[in-house]
Amino acid sequence: MKSYQKIIIQECGEPLVQIPEQDFYLETPSAYARLGADYQGKSPYFLRAGVLDKLLIAKEELKKINPHWKIRIFDAYRPVSIQKFMVEYTFNSICKEREINVDILGEEEKEKIYQEVFKIWAIPSDNPLTPPPHSTGGAIDLTIMDENKQSIPMGGEIDELSLVSLPDYYLNARDEPEKTYHQHRQILLQIMTKAGFHRHREEWWHFSYGDQMWAWLENEANPQSHCIAKYGKYEQ
C-alpha cells in the first residue's frame with residue numbers, strides 16, 4: 001500500500017460530468033482506446049463535477065499567460081478495468097522492448113517487472129478503500145497545446161517510464177531546450193496549483209483534486225487540515 005492510500009476515502013455522491021469539448025482539447029479516439037482499451041461505451045473525458053469546476057479555473061489561468069494556448073486532456077476518468085488493461089499493456093511493452101519471452105518468465109522475474117510498471121501505474125485495485133486515483137474522477141493527465149494544436153515541448157511524453165517524467169528533472173538545466181522544458185512544466189504547475197490541484201511527485205502531467213493523493217499532499221502541506229478523500233459516481 002502506498003502512503004496516500006492510507007487516507008480515508010468516502011463516496012461523496014458527486015456525479016461524474018463530461019469535460020466540455022469547447023473549453024479543452026480532447027482527442028478522439030482517446031489515447032488508451034487507440035491502444036485497444038475497451039471503455040464499453042463510456043468516455044474517459046469525465047471528472048467529478050467539483051473537479052471540473054477547478055479545471056475551468058485552470059483554463060482561465062492559462063489564458064492570462066497565453067490566450068492562444070489550450071489545455072489538452074490526455075486522460076481523466078479511468079475505470080479499474082482500463083487500469084488493469086494499461087498495467088498489462090505496459091508490462092508486455094517492457095518485455096517486448098527487452099526481447100523477453102513472457103511465457104518463460106518465473107514469478108520472481110515477473111514481479112520485478114511489475115514493480116517497474118507500478119512506478120507509474122497505480123495498482124488496479126477493486127477495493128473501494130484503495131482505488132486507483134483516476135477511478136475516483138479526481139485525477140487528470142494533461143498538457144498544453146499551442147495555437148497550431150501542437151503540444152508545447154515538455155521534454156518527455158505522458159506515461160513515459162523513465163526519469164524524465166519526474167517534474168523537476170530539468171530544474172538545474174543550463175542549456176536550451178532543457179531550460180524551456182522546465183519553464184513549460186512550471187506553467188502547467190502554476191495554472192493547476194492556482195486552481196487548487198496538487199501535482200503527482202513523480203509525473204509532471206498528473207494532477208488531482210479531492211482524491212487520496214490530493215488529500216495526502218494537502219495534509220502534508222497543511223498539517224491542521226485533516227483532509228479526507230472522495231470519489232464520485234459515473235452517470236453517463
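Reckoned from all heavy atoms, side chains included, excluding hydrogens, waters and symmetry mates.
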Run the side chain to side chain contact (heavy atoms under 4.5 Å, CB included) test on M192 and L142 for me, step by step, so that the C-alpha distance in whole Å, both residues' side-chain angles and the decisive distance to 0.1 Å come before the verdict.
CA-CA 10 Å; M192 296 300 285; L142 43 71; 3.7 Å; yes

Would L105 and C95 count as a side chain to side chain contact (heavy atoms under 4.5 Å, CB included) if you check the C-alpha gap in whole Å, the side-chain angles of each, and the deciding distance to 0.1 Å?
CA-CA 10 Å; L105 277 178; C95 291; 4.0 Å; yes

Take K84 and D126 through the salt bridge (Lys or Arg N to Asp or Glu O under 4.0 Å) test and state the conclusion after the steps.
CA-CA 10 Å; K84 290 177 180 177; D126 290 310; 3.2 Å; yes

Salt bridge (Lys or Arg N to Asp or Glu O under 4.0 Å) between R78 and D75, worked out
CA-CA 8 Å; R78 189 186 303 158; D75 188 50; 2.7 Å; yes

Begin from the C-alpha positions of V17 and L47 and carry the test side chain to side chain contact (heavy atoms under 4.5 Å, CB included) through to its verdict.
CA-CA 6 Å; V17 295; L47 290 169; 5.6 Å; no

Go through it in stages, so that I can follow the logic: the residues are R98 and E109, the test is salt bridge (Lys or Arg N to Asp or Glu O under 4.0 Å), and I'd like the CA-CA distance, side-chain angles, deciding distance and then a yes or no.
CA-CA 13 Å; R98 298 176 184 174; E109 295 169 305; over 6 Å; no

Applying side chain to side chain contact (heavy atoms under 4.5 Å, CB included) to I123 and F118, what does each step give before you reach the verdict?
CA-CA 7 Å; I123 294 173; F118 292 138; 3.9 Å; yes

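Within a 6.0 Å radius of NZ in K2, other residues, nucleotides and ligands contribute more than 12 heavy atoms. The environment of OH in Y39 is crowded: more than 12 heavy-atom neighbours from other residues, nucleotides or ligands sit within 6.0 Å. Counting non-hydrogen atoms of other residues, nucleotides and ligands closer than 6.0 Å to CD of E99 gives a total of 12 or fewer. Heavy atoms of other residues, nucleotides or ligands lying less than 6.0 angstrom from CD of Q115 number more than 12.
Judged by distance alone, the side chain of D146 and the main-chain N or O of Q150 form a donor-acceptor pair under 3.5 Å. Between the side chain of H184 and the backbone N or O of M154, no donor-acceptor pair lies under 3.5 Å. Formation of a donor-acceptor pair under 3.5 Å by the E11 side chain with backbone atoms of G13 is found in this model.
Remark: E160 does not engage K119 in a salt bridge, criterion side-chain N to carboxylate O under 4.0 Å. Here R72 pairs with E27 in a salt bridge; the nearest charged N to carboxylate O distance falls below 4.0 Å. E61 has a carboxylate O that lies under 4.0 Å from a charged side-chain N of K64, or vice versa, which qualifies the two as a salt bridge.
In this structure, the side chains of P131 and Q5 stay at 4.5 Å or more apart for every pair of heavy atoms. The shortest side-chain heavy-atom distance between Y77 and I19 does not fall under the 4.5 Å cut-off. D141 has its side chain out of reach of F207: every pair of non-hydrogen atoms, C-beta onward, lies at least 4.5 Å apart. Here the side chains of P167 and W205 are not in contact, with every heavy-atom distance at 4.5 Å or above. You'll find the side chain of L52 reaches within 4.5 Å of the side chain of P20, heavy atoms only. For the pair N222/E218, a side-chain contact is recorded, criterion being any heavy-atom separation below 4.5 Å from C-beta on. Counting heavy atoms from C-beta on, the side chains of I100 and I113 come closer than 4.5 Å. Within the 4.5 Å cutoff, the side chain of D38 has no heavy atoms near those of the F85 side chain.
Note: the hydrophobic cluster containing Y209 does not contain I8 (ILVMFWY, side chain heavy atoms under 4.5 Å, direct or indirect links). Note on L189: it does not cluster hydrophobically with L171, by side-chain heavy-atom contacts below 4.5 Å among ILVMFWY residues. Residue I152 is not grouped with residue Y170 when hydrophobic side chains (ILVMFWY) are merged at heavy-atom distances under 4.5 angstrom, including chains of intermediate members. The cluster map of Ile, Leu, Val, Met, Phe, Trp and Tyr, joined by side-chain heavy atoms under 4.5 Å apart, puts I94 and I158 in the same cluster. Cluster membership for M213 and L188, using ILVMFWY side-chain heavy atoms within less than 4.5 angstrom, is not shared.
For E157 against S165, the heavy-atom pair with the smallest separation is O-OG, 4.4 Å. Nearest heavy-atom pair across A173 and E178 is CB-CB, 3.4 Å. Of all the heavy atoms in R185 and V164, the pair that sits closest is NH2-O, 2.7 Å. The two atoms that bring V87 and P124 nearest to each other are CG2-CD, 4.0 Å, heavy atoms only. C227 approaches I7 most closely through the heavy-atom pair O-CG2, 4.1 Å. Pairing each heavy atom of G156 with each of W204, the nearest pair is O-CZ2, 3.2 Å.
The line from NE2 of H182 to OG1 of T180 is 11.0 Å long, rounded to the nearest 0.5 Å. Atoms CG and OG, on L161 and S93 in that order, are 10.0 Å from each other to the nearest 0.5 Å. The CG atom of L55 sits 5.0 Å away from the CD1 atom of I73 when rounded to the nearest 0.5 Å. Rounding to the nearest 0.5 Å gives a distance of 9.0 Å between CG of L35 and OG1 of T90. Atoms CH2 and CD1, from W69 and I65 in turn, are 8.0 Å apart once rounded to the nearest 0.5 Å. Interatomic distance, CD1 of I140 versus CZ of R48, reported as 12.0 Å (0.5 Å rounding).
Residues that satisfy the side chain to side chain donor-acceptor pair (under 3.5 Å) test with E88, not counting sequence neighbours, are Y114.
Separation of the Y32 and F74 ring centroids falls under the 6.0 Å cut-off.
Between Q186 and Q190, the side chains place no donor N or O within less than 3.5 Å of an acceptor N or O (distance only, hydrogens not considered). With no hydrogens or angles considered, no side-chain donor-acceptor pair links W216 and S3 at under 3.5 Å. Side chains of H134 and D211: a donor-acceptor N/O pair is absent below 3.5 angstrom, by distance only. Side chains of T130 and S125: a donor-acceptor N/O pair is present below 3.5 angstrom, by distance only.
Residue M145 belongs to a hydrophobic cluster whose other members are Y25, with links defined by side-chain heavy atoms closer than 4.5 Å.
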